[in-house]
Amino acid sequence: VLVLSALLGAPWRALHGAPLAELSGDQDFQLFLHKNLEFTRKIKGDVAALQRVVCDTFQLCKEEELLLVQQDLRITQVALEQCHRPGFQAEACFSQIRDGLHAYHSSLTAVLELLPSHAGLVETLQLDAANLSSNIQQQMEDLGLATVTFPAEDHGPLPAFSSRFQHQVGGFLILANFQRFLETAYRALRHLARL
C-alpha cells in the first residue's frame with residue numbers, strides 16, 4: 001500500500017515542466033479540457049457506483065486482501081506513465097489515455113457478465129469510455145498533435161476465469177484499476193487546464 005501511495009503521489013511533481021504554453025491560452029483547448037474533466041469525473045462516479053455494487057454483492061471491498069489472486073489472474077493496471085514523466089508531452093499523454101480507455105472499454109465486458117442486473121450502468125460506462133476516447137482523438141487531430149503508438153503491452157484478452165470467485169475478483173480488480181487510471185487521467189487534464 002505504501003508503494004502504491006508513493007507511486008500515485010509522486011508523478012505530479014514531474015508535470016510542472018509541461019511544454020504546452022502555446023496551447024494554454026487557446027480557448028477551444030481550455031473548453032475541451034474543462035468539458036472532459038467533468039466527463040472524467042462522471043465516469044469516475046459511475047465506476048465508484050459499480051465498485052459499491054461489487055462490494056455489497058460479493059463482499060469484495062479491499063484490494064489488499066486480493067493480491068495473491070490478482071497475481072494469479074494477471075490483471076494489470078493500464079499504464080499512464082507518459083502523463084507524469086519528466087519532459088511531459090501532450091501527444092504521448094493523450095495517446096496513452098485514449099489507448100487506456102479503449103482497453104478498459106473492452107475489459108468491462110467481464111464486469112457486464114458478472115453484473116447482468118446492472119447492465120445499463122456497465123453499458124453506459126463502456127459508451128462513456130468510448131466517447132471520452134473519441135473526444136481525445138478529435139482534440140488531438142484539431143490541435144495537429146501526432147498520434148503516438150506505444151508498444152503493445154500485455155493487456156490482451158482477459159484471462160479465462162476458472163471459477164465464479166475468480167470472475168468476481170477479476171471484475172473487482174478491473175474496476176479498481178480503472179478507477180486509478182481515471183484518477184491519473186483526471187489529474188493530467190486538470191494540470192493542463194491550469195497551465
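Just so you know, residue 1 is the first one in the sequence shown, and it goes up from there.
To the nearest 0.5 Å, the span separating CZ on Arg41 from CG on Leu182 amounts to 12.5 Å. A distance of 12.0 Å separates CZ in Phe39 from CG in Leu189, rounded to the nearest 0.5 Å. To the nearest 0.5 angstrom, Gln137 atom CD is 12.0 Å from Leu101 atom CG. To the nearest 0.5 Å, the span separating CD1 on Ile174 from CZ on Phe181 amounts to 14.0 Å. Rounding to the nearest 0.5 Å gives a distance of 11.0 Å between SG of Cys83 and NE2 of His191. Between the CD atom in Gln77 and the CG atom in Leu173 there is a gap of 10.5 Å [rounded to 0.5 Å].
Residues in residues 51-60 take part in these side chain to side chain donor-acceptor pair (under 3.5 Å) pairs, two or more places apart or across chains: Gln51-Gln179. Judged as a disulfide (SG to SG under 2.5 Å), the pairs with a partner in residues 35-73 (not counting sequence neighbours) are, in order, Cys55-Cys61. Residue pairs satisfying the salt bridge (Lys or Arg N to Asp or Glu O under 4.0 Å) criterion with at least one member in residues 103-122, sequence neighbours excluded, are absent. A disulfide (SG to SG under 2.5 Å) check over residues 97-135, counting only residues at least two apart or in different chains, returns nothing.
Between Asn36 and Gln139, the closest side-chain pair of non-hydrogen atoms is not below 4.5 Å. Taking the side chain as every heavy atom from C-beta outward, Leu114 and Arg164 approach each other to under 4.5 Å. Between Val69 and Phe172 there is no side-chain heavy-atom pair separated by less than 4.5 Å. The side-chain heavy atoms of Ile43 and Tyr186, taken from C-beta on, include no pair separated by under 4.5 Å. Contact annotation: the side chain of Val78 never approaches that of Asn177 to less than 4.5 Å [non-hydrogen atoms, C-beta and beyond]. Considering only heavy atoms from C-beta on, Phe32 stays 4.5 Å or farther from Leu143 through its side chain.
When all heavy atoms of Leu175 and Val47 are compared, the closest pair comes out as O-CG1, 3.5 Å. Closest non-hydrogen pair, Ala110 versus His167, comes out as O-NE2, 2.8 Å. Closest approach of Leu121 and Ala49 over heavy atoms only: CD2-CB, 4.0 Å.
Side chain of Ser133 to main chain of Ala129: no donor-acceptor pair is present (N/O by atom type, distance under 3.5 Å, no hydrogens or angles). At distances below 3.5 Å, not a single donor-acceptor pair connects side-chain atoms of His34 with backbone N or O atoms of Ala193.
When the side-chain contact (heavy atoms from CB on, under 4.5 Å) test is applied to Gln166, the partners found at least two apart in sequence or on another chain are Asp72, Leu73, Phe161, Ser162, Ser163. Scored by the salt bridge (charged side-chain N to carboxylate O under 4.0 Å, His left out) test, Glu65 finds no partners at all (sequence neighbours excluded). Residues passing the side-chain contact (heavy atoms from CB on, under 4.5 Å) test with Leu31, sequence neighbours excluded: Lys35. In this structure Gln138 satisfies the side chain to side chain donor-acceptor pair (under 3.5 Å) test together with Asp142, sequence neighbours excluded. With sequence neighbours excluded, no residue forms a side chain to side chain donor-acceptor pair (under 3.5 Å) with Asn131. Taking the ring pair (Phe, Tyr, Trp, His ring centres under 6.0 Å) definition, one finds that Phe178 meets it with Tyr104, sequence neighbours left out. With sequence neighbours left out, Lys42 forms a salt bridge (charged side-chain N to carboxylate O under 4.0 Å, His left out) with Asp46, Asp128.
Ion pairing of Glu183 with Arg180 is absent here, as no side-chain N (NZ or NE/NH1/NH2) approaches a carboxylate O to less than 4.0 Å.
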- request: Start with the C-alpha distance between Glu123 and Leu112, add both sets of side-chain angles, then the distance that settles side-chain contact (heavy atoms from CB on, under 4.5 Å), and finish with yes or no.
  value: CA-CA 8 Å; Glu123 289 166 353; Leu112 184 60; 4.2 Å; yes
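Side-chain atoms of Glu81 and Gln96 include a donor-acceptor pair closer than 3.5 Å.
Paired with Val122 under the rule side chain to side chain contact (heavy atoms under 4.5 Å, CB included), one option of Leu127, Val53, Leu50 passes, and it is Leu50.
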